[in-house]
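Okay, structure first, notes after.
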Protein chains: 2
Amino acid sequence: MNRKHERIAGERGTIGAQTAKRRADGGTTRDSGASRRRGPRLEDAILDAAWDVLVEHGYHGFTYEAVATRVGTSRPVLYRRWPQRDDLLLATLTKFWQPIAVPDTGSLRDDAIGFLHNADADRAGMITLMSVQLADYFRDTGTSLSELRDTLLPPGQATAFETIVARAVERGELPDVPRSSRVVNLPLDLFRHDMFITMRSVSDESIVEIVDEVWLPLLGVPGAPSASSAPAPPA
Amino acid sequence: MNRKHERIAGERGTIGAQTAKRRADGGTTRDSGASRRRGPRLEDAILDAAWDVLVEHGYHGFTYEAVATRVGTSRPVLYRRWPQRDDLLLATLTKFWQPIAVPDTGSLRDDAIGFLHNADADRAGMITLMSVQLADYFRDTGTSLSELRDTLLPPGQATAFETIVARAVERGELPDVPRSSRVVNLPLDLFRHDMFITMRSVSDESIVEIVDEVWLPLLGVPGAPSASSAPAPPA
DNA sequence: TGCTTACGATTCACTTGCGTATCTTATCGC
DNA sequence: GCGATAAGATACGCAAGTGAATCGTAAGCA
């Protein structure tokens with residue numbers, strides 16, 4: 001009946017002995033003598049570990065405990081630098097946020113496909129993270145992905161596809177007419193949606209599909225597949 | 001030094017007395033005499049509460065503790081029915097999952113806009129929930145939103161926009177040509193993306209924008225705004 | 001009416017994480 | 001080399017959640 005209690009009571013009885021043993025160890029639990037990191041070097045190591053934890057376990061698993069364990073230090077070290085969880089999170093995101101390379105191939109289509117390809121390669125973890133893993137963060141703070149993106153992105157800067165379109169216009173590949181932001185940025189939105197839904201890397205087929213079947217026709221690019229020449233049936 | 005241990009030891013010592021006291025109380029702590037829910041009625045109440053908890057606090061806050069507290073019962077009652085957290089979650093989602101109404105107005109554009117409007121009204125919480133609130137669930141289980149949707153959706157059924165397009169073809173509003181699934185279902189994808197990004201209800205303007213600036217032009221609907229007549233500059 | 005079921009309540013030991021308070025000691029600047 | 005600094009370790013009190021066990025009793029049925 002009370003097996004559990006008996007066993008536990010027995011363990012409790014050894015607390016004193018365990019404490020004494022720990023003291024006898026003298027705290028040489030870890031590799032004492034190894035170089036002790038300080039200042040920026042330590043900070044970098046912490047943020048690296050924080051990033052890993054964030055990607056692997058999401059915001060929910062993004063605890064001081066987990067980060068400290070992973071970096072091989074203790075929580076007080078983290079608290080000294082980032083008193084709030086948000087501070088550590090923001091520092092981590094800021095360090096690892098870098099814009100995706102926008103290719104300049106001289107072809108609208110190749111630019112678009114190339115950029116989405118870069119996005120997939122560079123941000124497979126990033127966008128997944130920002131969209132899904134940070135769900136708890138967004139709920140806790142009441143913010144959204146778009147707001148976080150705004151705080152991380154340098155303001156007033158053209159988006160990748162605005163750049164791509166502008167170049168195509170300069171080349172004369174596209175007419176110089178006003179276009180809605182919705183249409184211009186459509187490929188990245190669809191790409192991001194695919195990534196959200198599947199939680200996986202977006203396939204090359206999907207990228208080409210987005211560009212050839214949706215974006216280029218919308219931009220009125222000659223030779224692009226029209227609505228009546230799409231290959232796949234509605235399934 | 002060992003204050004904690006001493007204190008705990010002291011508390012431990014009172015266990016017998018506390019048990020005796022509880023027995024003397026007779027368990028009449030709450031409003032005895034109020035009707036006690038049983039069977040299906042209790043189950044419904046639990047799932048209702050579970051749904052509320054899920055929407056409000058997300059999967060992370062979706063604990064037996066929280067659900068039990070909200071429904072006014074205790075955790076063992078929940079454990080008896082759903083031994084695993086996933087069981088309770090699936091039961092909750094199954095109960096509250098219902099398809100969005102697909103309007104049949106006789107107009108392709110009105111059908112599309114109307115459906116997205118219904119989606120926004122019916123699923124503002126739902127899709128937000130499924131996308132963002134369940135992030136931990138997806139990570140824990142290694143599944144994705146698309147897989148969950150597949151398990152909840154009746155298989156082999158046409159999507160809303162496939163239905164809408166098929167009706168338009170029957171009416172002669174659209175030519176009977178093969179269309180890619182990507183293009184047909186584009187509006188809901190963009191709608192869902194908007195919801196993901198902003199974590200808010202999708203505005204009517206955005207819905208109209210999706211239909212008029214993206215979808216209808218792609219389907220080659222005459223009179224729809226072409227790529228060169230979009231109102232807003234790239235901003 | 002009496003019996004069976006199972007609901008509601010409570011307790012328990014345990015785990016994980018938080019935020020803080022120390023203490024020792026390695027490292028750096030002088 | 002020496003002192004100031006801060007890394008790293010450990011502990012504490014607290015809080016929330018987990019499964020499980022137990023117990024009294026209200027509800028439903030024969």
Side-chain angles (χ1 to χ4, degrees), chain A residues 1-12 15 18-19 21-23 25-43 45-46 53 57 59-69 71-85 87-88 136, chain B residues 1-8 11-12 14-43 45-46 53 57 60-69 71-85 88:
Chain A
M1 173 193 182
N2 271 334
R3 275 173 304 158
K4 195 176 185 181
H5 294 167
E6 287 165 9
R7 187 176 56 78
I8 285 172
E11 288 179 355
R12 274 289 148 78
I15 286 178
Q18 287 174 348
T19 305
K21 179 172 169 291
R22 181 177 48 74
R23 293 214 165 176
D25 285 342
T28 56
T29 314
R30 216 165 282 231
D31 49 335
S32 303
S35 69
R36 174 180 285 187
R37 295 160 297 190
R38 283 176 88 86
R41 253 193 60 215
L42 176 63
E43 198 149 321
I46 292 174
V53 169
H57 305 293
Y59 178 72
H60 178 216
F62 187 69
T63 65
Y64 279 51
E65 184 82 27
V67 174
T69 299
V71 77
T73 183
S74 56
R75 281 177 291 129
V77 175
L78 304 187
Y79 278 108
R80 282 172 201 141
R81 291 178 165 75
W82 303 279
Q84 307 280 349
R85 203 179 180 188
D87 301 334
L88 178 55
D136 286 326
Chain B
M1 170 205 171
N2 271 335
R3 273 174 302 159
K4 190 181 185 180
H5 295 168
E6 288 165 9
R7 191 176 56 77
I8 287 177
E11 289 180 354
R12 281 287 147 76
T14 66
I15 287 178
Q18 285 175 348
T19 304
K21 179 171 170 289
R22 182 174 50 76
R23 291 200 174 184
D25 284 343
T28 56
T29 314
R30 213 168 278 231
D31 49 335
S32 304
S35 71
R36 174 180 285 187
R37 297 161 295 189
R38 281 177 89 85
R41 254 192 60 214
L42 176 64
E43 198 150 321
I46 292 175
V53 169
H57 305 293
H60 177 217
F62 186 68
T63 65
Y64 279 22
E65 183 82 25
V67 174
T69 300
V71 77
T73 182
S74 56
R75 281 178 289 127
V77 174
L78 274 61
Y79 277 109
R80 282 175 203 138
R81 291 178 167 74
W82 305 278
Q84 306 280 347
R85 202 179 181 188
L88 178 55

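All chains are named by letter (A, B, ...) in the order of the sequence lines, taking the proteins before the strands, and each is independently numbered beginning at 1.
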Open item on the list: Below the 4.0 Å mark, does C/dG8 have OP1 or OP2 next to a side-chain nitrogen or oxygen of B/T73?
Closed with: yes

Task: Length of the line joining A/L88:CG and C/dG17:C1', which is rounded to integer Å - done: 15 Å

Open item on the list: Could you tell me how far apart A/Y64 (OH) and D/dA15 (P) are, to the nearest whole angstrom?
Closed with: 20 Å

TODO: Nearest whole angstrom, please: distance from the P of C/dT22 to the OH of A/Y79.
DONE: 17 Å

Open item on the list: Please report the distance, rounded to the nearest Å, between CG in A/D87 and C1' in C/dC18.
Closed with: 15 Å

Task: Inter-residue atom distance A/T63.OG1 - A/R75.CZ, 0.5 Å rounding - done: 9.0 Å

TODO: May I have the distance from B/I46 (atom CD1) to C/dA6 (atom P), rounded to whole angstrom?
DONE: 14 Å

Task: Nearest heavy-atom neighbours spanning B/S74 and B/A68 - done: C-CB, 3.7 Å

Task: Distance, rounded to the nearest Å, where A/L78 contributes CG and D/dA7 contributes P - done: 10 Å

Open item on the list: Please confirm whether the shortest side-chain N or O distance from A/R81 to OP1 or OP2 of D/dA7 is below 4.0 Å.
Closed with: yes

- [ ] Indicate, with a heavy-atom threshold strictly under 4.0 Å, whether B/S74 touches base, sugar-phosphate, or nothing.
- [x] base

Task: Protein-nucleotide distance (A/R85, atom CZ; C/dT16, atom P), rounded to Å - done: 16 Å

Task: Given C/dT20, C/dT11, D/dA7, the nucleotide with the shortest approach to the side chain of A/L42 - done: D/dA7

Open item on the list: Rounded to whole Å, please give me the gap between CZ in A/R75 and C1' in D/dA7.
Closed with: 15 Å

TODO: Under 4.0 Å between any heavy atoms, over every strand shown, what does B/E65 touch: base, sugar-phosphate, or nothing? Just pick one.
DONE: base

Open item on the list: If you only use heavy atoms from C-beta on, which nucleotide in C/dG8, D/dT18, D/dA9 is closest to the side chain of A/P76?
Closed with: D/dA9

Task: Along DNA chain D (nearest heavy atom to each residue), the more 5'-positioned of B/R80 and B/P83 - done: B/P83

Open item on the list: To the nearest 0.5 Å, what is the distance between CH2 on A/W82 and CG on A/L88?
Closed with: 6.0 Å

TODO: State whether the side chain of B/Y64 and the backbone N or O of B/P76 hold a donor-acceptor pair below 3.5 Å, judged by distance alone.
DONE: no

Open item on the list: With heavy-atom distances below 4.5 Å as the criterion, would you say the side chains of B/I46 and B/V77 are in contact?
Closed with: yes

